Protein chains: 2
Amino acid sequence: MNKEKRRSVLSAKAIGRLCIYRRILEEWEGSGKTRAFSHELAGAAGQTAVLVRRDLMGIGYAGSPNRGYDVGALQHAIGDLLDRHETQNVALVGVGNLGKALLDYFQGLRPNLRIPAAFDSDPEKVGGEVGDARTHHVDDLARVIEEFSIGVAVLTVPSEAAQETADRLIAAGVRSLLNFTRVRLRTPPGIYVENVDISMSLEKVAYFARRRDAGAA
Amino acid sequence: MNKEKRRSVLSAKAIGRLCIYRRILEEWEGSGKTRAFSHELAGAAGQTAVLVRRDLMGIGYAGSPNRGYDVGALQHAIGDLLDRHETQNVALVGVGNLGKALLDYFQGLRPNLRIPAAFDSDPEKVGGEVGDARTHHVDDLARVIEEFSIGVAVLTVPSEAAQETADRLIAAGVRSLLNFTRVRLRTPPGIYVENVDISMSLEKVAYFARRRDAGAA
DNA sequence: GATTGTGAATAAGTTCACAGCC
DNA sequence: GGCTGTGAACTTATTCACAATC
């Protein structure tokens, strides 16, 4: 129907799980494991075997009964879906403690995801480098975003600046945001926002530490 | 039925949203706003008005038609549910870049959540302090966890150490974990784990930057 | 005999639609 | 008239159950 082959549209949750499967498969591939069963993947990913099979069905990859899946081929199939294109450039905005830690963390995690630029409003931080990323002043945001064809941004600015920064990023052409601020952003349709609300997560965990029944995340 | 009043058991998702509502209400309270409608809360929280009302129904708090909710009272009601008890102590394990940034980030975010202790396996880091937190060697984990009655832990160790560290934390009495590693932990029933899989989130965001249809998180 | 792929059933989460209230 | 509270409808996500396969 559209150019994404005709595989059924995958939900955000399914995509998340596929990222996890891929990571596990890469690890197995590195350690020489060549075949895997759905229940093995499920165990490592913290999911059920049926759900793994459904997810793989979703990407159109078929295993063989009794022999399971081919680790290398499956890893490749997922990778194909997840980053079919060449390198994607990512920007990080807000080079505070958390921003710096994330810049460092992301370096080299995924060969296809580069972070060539960071932004901050503090002139003292401009010019600093972490790995590939050179820090620019936010006033140069639009120019640099365009220069590097950046379509993804990580938002680690203070809450007060979150919405305005997001607006500017989107105006500059960014298509999706990884939002580490506590603000729920208002964005036009077509823009994907993934919220990583760390303080909420901590509060949740604290709450469940007091409830005797478990629950997964 | 059990001592949690008889309010229906709230899902992890609902708890997460309640954390968000509370934050917004606190902000409004600070700025002098005293009443709020479900659609206002919904707007600020990035949810629908109906869902907000359902969630509040879930905690047994009633607003009044045409006048909405009382900001102060509602904030208090949610707070009551979310941290009814006295201060809860939290430990952070793995004082790397990310661990340090999180220690700093969490300091003072919630008066009822203190982080009195951090752990690392590197002797060089032992003795260091960030805010309330003093860094101990992981070998002292059980002792310190008990000393501070710590029930919640934030896991920011390298992947290789994740499962073993989690096991030790749980053995020491920790009831719930905020897991920042890429490993899906195996935990006994009754232990709550919230996974914050940062690299997965970035991969997801990168994926959706290339799909023209949106999707919320 | 163990495993995959999948229709059907179930469960979880959300929205619709509207009665009741101020 | 505009809001809350909520049964019912709906949608999404997951699991069950089993036929097909190796």
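Source: prediction; values computed, not measured. In the text below, chain A, chain B and the rest are named by the order of the sequence lines, each starting its count at 1.
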message: How many whole angstroms separate atom CZ of R35(B) from atom P of dT4(D)?
response: 10 Å
- request: Indicate whether OP1 or OP2 belonging to dT4(C) is found under 4.0 Å from a side-chain N or O atom of R53(A).
  value: yes
task: Working to the nearest 0.5 Å, report the span between CD of Q163(B) and CZ of R186(B).
output: 8.0 Å
query: Separation of H39(B) atom NE2 from dG1(D) atom P, in whole Å?
result: 17 Å
message: Is S38(A) close enough to dT4(C) that one of its side-chain N or O atoms is under 4.0 Å from OP1 or OP2 there?
response: yes
- prompt: Between dG5(C) atom P and L56(A) atom CG, what is the distance in whole Å?
  reply: 8 Å
message: What is the distance, to the nearest angstrom, from the OH atom on Y69(B) to the C1' atom on dC3(D)?
response: 9 Å
- request: Using whole Å, report how far CG of L74(B) lies from P of dG5(D).
  value: 10 Å
query: Is any NZ, NE, NH1 or NH2 atom of the basic residue among E40(A) and R35(A) found under 4.0 Å from an Asp or Glu carboxylate oxygen of the other?
result: no
- prompt: Using a cut-off of 4.0 Å between protein heavy atoms and nucleotide atoms, how would you tag nucleotides 8-16 of chain C 5' to 3' with B, S and -?
  reply: B----SSBB
field: Integer-rounded Å distance: dT3(C) C1' and L41(A) CG
entry: 14 Å
task: Find the distance L18(A):CG to dA13(D):P and express it as a whole number of Å.
output: 13 Å
- prompt: Which heavy atom of A166(B) sits nearest a heavy atom of L177(B), and at what distance?
  reply: CB-CD1, 4.0 Å
- prompt: Quick one: CG on L113(A) to CG on N89(A), what's the gap to the nearest 0.5 Å?
  reply: 9.0 Å
task: Grab the CG-C1' distance between D70(B) and dC3(D) for me, whole Å please.
output: 16 Å
- prompt: How many angstroms lie between CG in N112(A) and CD in Q88(A), if you round to the nearest 0.5 Å?
  reply: 8.0 Å
- request: Report yes if a donor N or O on one partner sits less than 3.5 Å from an acceptor N or O on the other, where the partners are the side chain of N66(B) and the base of dC22(C); otherwise report no.
  value: yes
field: Pair R23(A) + E27(A): basic N to acidic O under 4.0 Å
entry: no
field: Shortest non-hydrogen contact between C19(B) and K204(A), atoms and distance
entry: SG-N, 4.3 Å
